[in-house]
There are 2 protein chains.
Amino acid sequence: MKNKQGNKIRIKDIAARAGVSPGTVDRVLHKRGEVAEETRRQIMEIVDQLGYEPNLVAKSLAMKKTCRIAVLMPDPANDNPYWEKPEFGILHAAREVKDFNTSVSIYNFGMNSEKSYLNAFSELMKEPPDGLIFTPIFYHSSFDIIRECEEHSIPYIFMNMRLDGCNNLAYFGQNAIQSGFLAGKLLHFSLQEHSKILIVKPNSHQGTGFHLQRREKGFLSFFLSGSNVKDIQCHEAETDPYKREVLFRDLDKAFEQYPNISGIFITNSRASKIAQYLYERGRKGLMLVGYDLVNENVDFLERGIITFLIGQKPEEQGYKSILAMFNYLMADKHMEKTNYSPIDIIMKENIDYYKNYKF
Amino acid sequence: MKNKQGNKIRIKDIAARAGVSPGTVDRVLHKRGEVAEETRRQIMEIVDQLGYEPNLVAKSLAMKKTCRIAVLMPDPANDNPYWEKPEFGILHAAREVKDFNTSVSIYNFGMNSEKSYLNAFSELMKEPPDGLIFTPIFYHSSFDIIRECEEHSIPYIFMNMRLDGCNNLAYFGQNAIQSGFLAGKLLHFSLQEHSKILIVKPNSHQGTGFHLQRREKGFLSFFLSGSNVKDIQCHEAETDPYKREVLFRDLDKAFEQYPNISGIFITNSRASKIAQYLYERGRKGLMLVGYDLVNENVDFLERGIITFLIGQKPEEQGYKSILAMFNYLMADKHMEKTNYSPIDIIMKENIDYYKNYKF
DNA sequence: CATCCTTCCGTGTACGCACACGGAGAACTG
DNA sequence: CAGTTCTCCGTGTGCGTACACGGAAGGATG
């Protein structure tokens with residue numbers, strides 16, 4: 001039998017063994033001096049020997065320290081329902097850490113407005129938090145934010161997106177290039193030889209284009225690598241999937257230009273819009289690969305119009321970002337700098353187990 | 001700004017509002033009577049109004065109650081390295097709940113020995129635990145175990161495998177039929193028309209065969225459904241993948257009988273053995289689909305000899321089983337009865353994000 | 001030798017909750 | 001009306017840790 005139960009070794013026990021009072025042990029454990037070297041050494045020996053581990057429950061109860069974590073992310077209500085998912089994870093984590101004297105505040109901004117981004121940040125800086133989690137969508141302003149964080153010694157974590165060369169504690173998000181590569185593989189897998197693929201590139205008004213470019217890069221690199229044994233060709237179409245007329249016009253044009261397209265890859269989460277197009281135009285049998293389990297996408301996946309969705313566990317990204325910051329601030333626990341979420345391959349046959357994320 | 005921070009409403013606050021002492025509020029909250037109905041009503045009103053939620057940290061510190069959770073599962077050392085994974089999750093959960101007066105003890109048995117199964121159970125029943133988590137591998141003995149649990153009023157959770165018609169609190173595991181169905185889809189996807197598939201059926205000495213049968217059933221049901229538009233044929237071969245000579249002999253025989261097999265599906269976690277066979281025999285270009293991210297499988301997946309692995313997050317199954325039992329015993333939180341783990345589709349291109357499970 | 005400071009350590013209180021104990025007052029008994 | 005029981009409620013202590021405070025012993029200083 002393997003027993004992993006509480007050692008039940010308390011500060012008091014160590015004190016008794018060492019013949020001192022609990023206060024002394026505490027001073028040693030917290031390295032706040034005022035203990036004779038000989039006594040310190042002896043106590044540390046007993047600590048190591050008994051394998052003392054502090055009771056985190058009692059610790060947090062006694063701790064006066066409270067910590068405030070701020071989150072700066074796009075508004076799920078205004079822009080893209082995708083952002084409900086990280087928010088869901090964040091709220092879940094917030095509930096878990098609430099009783100540990102930790103509060104979480106979410107500040108939202110509009111994805112189309114760099115100004116609202118900076119406004120939300122200065123709003124949260126009215127009471128500087130102990131740690132910041134944010135999604136650095138806008139390139140230049142993000143560096144302003146980073147600078148200000150570093151001036152105030154506020155540690156920060158990137159969620160969902162990241163910038164290179166920063167002193168962020170960590171990044172929780174996806175490996176966009178690799179996910180694009182995988183998308184390429186999936187289409188290659190399911191298509192006949194000499195097929196043609198259309199890559200739909202949303203002309204992003206904002207900084208989020210960064211991600212999309214990487215996905216595309218990964219996608220293309222699959223077909224440029226030796227893996228393209230089926231000699232599949234890629235074409236591109238730039239459009240605005242948020243505007244129905246524009247999208248339909250651009251897709252019509254693309255199909256006119258390349259009539260025998262049999263696979264489509266779209267680099268953002270608007271695959272449902274393409275699916276709607278295919279449905280209305282009566283084009284069947286095409287493979288369609290996109291990103292993210294937003295409701296509309298899930299619908300079309302279940303109806304068989306979207307073939308694959310690539311998931312990235314956005315709920316988990318939010319959840320883990322909060323917990324990592326919490327552990328860093330309250331327990332001095334450090335983390336890996338890069339934390340890629342899994343690249344989930346989701347089809348009609350396994351969507352059921354992904355669509356409602358359970359913690 | 002959305003703020004999800006601690007309400008900071010304590011029993012003391014409620015007492016002050018109601019003009020009574022904290023002890024009275026406590027009696028009301030714990031429904032242990034000795035409070036005048038009028039007072040009770042008034043206090044409950046304030047509780048609802050202020051939205052009081054107990055501080056779980058302080059609660060568990062003050063709680064005298066301790067709880068012991070026992071786990072009964074196959075020995076990872078003796079049998080199948082697969083079982084290291086649920087154990088990993090269990091140990092992780094054990095660490096998290098340790099400071100909440102909860103201990104976790106793991107009892108192992110050999111998958112080939114129904115006797116060791118019952119032995120381990122009676123061993124753990126020497127001190128009956130407050131809750132039991134187990135993998136009901138052996139059909140009949142499992143019902144003995146269940147009966148004894150119910151006599152002692154010990155709640156139990158099925159992990160990884162389950163029996164129908166029981167009063168288990170919950171099941172954490174996979175949907176074996178659906179995962180087989182998905183495997184069928186994957187092979188169908190990646191094969192040409194009129195291909196032939198070989199299903200390798202391990203002749204399981206033990207009760208674990210249950211799972212394997214369901215996977216096979218799901219697999220076949222895909223090809224029997226209208227989905228088999230490519231007219232792919234399935235053949236079967238029973239063998240013992242644990243014994244190299246037997247396996248090689250049986251596979252040689254199968255390839256002789258059906259020379260143009262281009263896809264193989266194996267229903268348990270020994271895909272690596274088939275891969276080894278294909279490698280040694282120089283058979284390339286076959287699609288091979290199997291289960292579980294045990295090291296050998298991961299190796300062959302990375303080398304491109306295994307095409308797909310189906311994962312089921314065994315670490316999470318272990319972790320969630322413990323946490324669910326903990327929440328049930330210590331916080332009266334109830335759970336869903338059926339908790340399927342996701343059916344992860346894993347290829348060479350996304351294995352990196354699955355092989356080392358991170359909590 | 002009195003005074004003061006330094007070094008080292010013990011004691012006490014608080015964190016929010018659970019629960020045991022006991023006490024005040026009403027109600028009931030003989 | 002003294003004595004007993006019962007109802008309802010306040011107080012106190014402990015869970016394991018953090019930290020403030022203060023105290024004893026010893027040395028330094030005048």
Side-chain angles (χ1 to χ4, degrees), chain A residues 6-44 46-47 50-67 97-103 329-332, chain B residues 6-44 46-47 50-67 97-103 329-332:
Chain A
N7 299 18
K8 292 286 168 204
I9 297 165
R10 301 156 302 169
I11 284 188
K12 215 191 284 183
D13 301 321
I14 296 179
R17 280 238 195 180
V20 297
S21 80
T24 306
V25 177
D26 181 78
R27 270 186 292 268
V28 170
L29 290 174
H30 290 80
K31 300 184 210 293
R32 43 188 165 90
E34 308 195 10
V35 178
E37 175 56 25
E38 172 57 20
T39 316
R40 196 196 65 80
R41 208 191 42 71
Q42 193 182 337
I43 290 176
M44 279 311 291
I46 298 177
V47 166
L50 299 192
Y52 168 78
E53 285 182 23
N55 182 322
L56 296 178
V57 169
K59 181 177 184 130
S60 93
L61 184 65
M63 193 133 51
K64 307 288 186 215
K65 183 179 170 188
T66 67
C67 103
V97 300
K98 191 186 79 180
D99 289 339
F100 292 86
N101 303 323
T102 302
S103 73
L329 292 174
M330 301 294 272
D332 293 317
Chain B
N7 298 18
K8 289 287 168 204
I9 297 166
R10 301 156 302 168
I11 284 188
K12 214 192 288 184
D13 300 323
I14 297 180
R17 281 238 195 180
V20 297
S21 81
T24 305
V25 178
D26 181 76
R27 270 186 293 269
V28 170
L29 290 176
H30 291 78
K31 302 184 210 288
R32 44 189 165 89
E34 307 195 9
V35 177
E37 175 54 25
E38 173 55 21
T39 317
R40 198 197 64 79
R41 209 191 43 70
Q42 192 181 339
I43 289 177
M44 280 311 292
I46 298 178
V47 165
L50 298 191
Y52 169 77
E53 285 181 23
N55 182 323
L56 295 178
V57 170
K59 179 176 186 133
S60 93
L61 185 65
M63 194 133 51
K64 306 286 186 221
K65 183 176 169 188
T66 67
C67 104
V97 300
K98 192 186 79 183
D99 290 339
F100 292 86
N101 303 323
T102 302
S103 73
L329 292 173
M330 301 293 272
D332 295 317

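Owing to the predicted nature of the structure, the values given are computational and were not obtained by experimental measurement.
- Considering only side-chain atoms of B:R10, the nucleotide from D:dC9, C:dC17, D:dT17 that sits closest is C:dC17.
- OP1 or OP2 of C:dC17 sits under 4.0 Å from a side-chain N or O of B:Y52.
- Using a 4.0 Å heavy-atom cutoff across all strands shown, B:D26 reaches at least one base atom of the nucleic acid.
- Taking the side chain of B:E34 as heavy atoms from C-beta on, and the options D:dG16, D:dG14, D:dC9, the nearest nucleotide is D:dC9.
- Between A:I9 atom CD1 and A:N55 atom CG the span is 12.0 Å, to the nearest 0.5 Å.
- For A:K59 (side chain) and A:A331 (main-chain N/O), no donor-acceptor pair under 3.5 Å exists by modelled atom type.
- One atom, CG of A:L61, and another, P of C:dT13, lie 17 Å apart when rounded to the nearest Å.
- Checking C:dC15, C:dC17, D:dC19 against every side-chain atom of A:A62, the shortest atom distance belongs to C:dC15.
- The phosphate of D:dC9 has neither OP1 nor OP2 within less than 4.0 Å of any side-chain N or O from B:T24.
- Taking for each of B:R27 and B:P54 the nucleotide of DNA chain C with the nearest heavy atom, the 5'-most of the two is the partner of B:P54.
- The residue B:V57 sits apart from the nucleic acid: no heavy atom pair falls under 4.0 Å.
- Nearest heavy atoms, B:L329 versus B:C67: CD1-SG, 3.8 Å.
- Annotation: the span from A:L56 atom CG to A:F100 atom CZ amounts to 7.5 Å, rounded to 0.5 Å.
- Taking atom CZ of A:R41 as the reference point, atom C1' of C:dC8 lies 17 Å away to the nearest angstrom.
- Residues B:V35 and A:K64 both approach DNA chain D. Their nearest nucleotides, taken by heavy-atom distance, put B:V35 toward the 5′ side.
- Atom pair A:I43:CD1 and C:dG10:C1' shows a separation of 12 Å (rounding to whole Å applied).
- At whole-Å resolution of the value, CG in B:D99 and C1' in D:dT17 are 11 Å apart.
- For B:K59 and C:dA18, the shortest distance from a side-chain N or O to OP1 or OP2 is below 4.0 Å.
- In this structure, CG in A:L61 is found 8.0 Å from CG in A:N101, a value given to the nearest 0.5 Å.
- Within the structure, every side-chain polar atom (N or O) of B:S60 is placed at least 4.0 Å from both OP1 and OP2 of D:dC15.
- Nucleic acid contact class of A:T39 (heavy atoms, under 4.0 Å, all strands): sugar-phosphate only.
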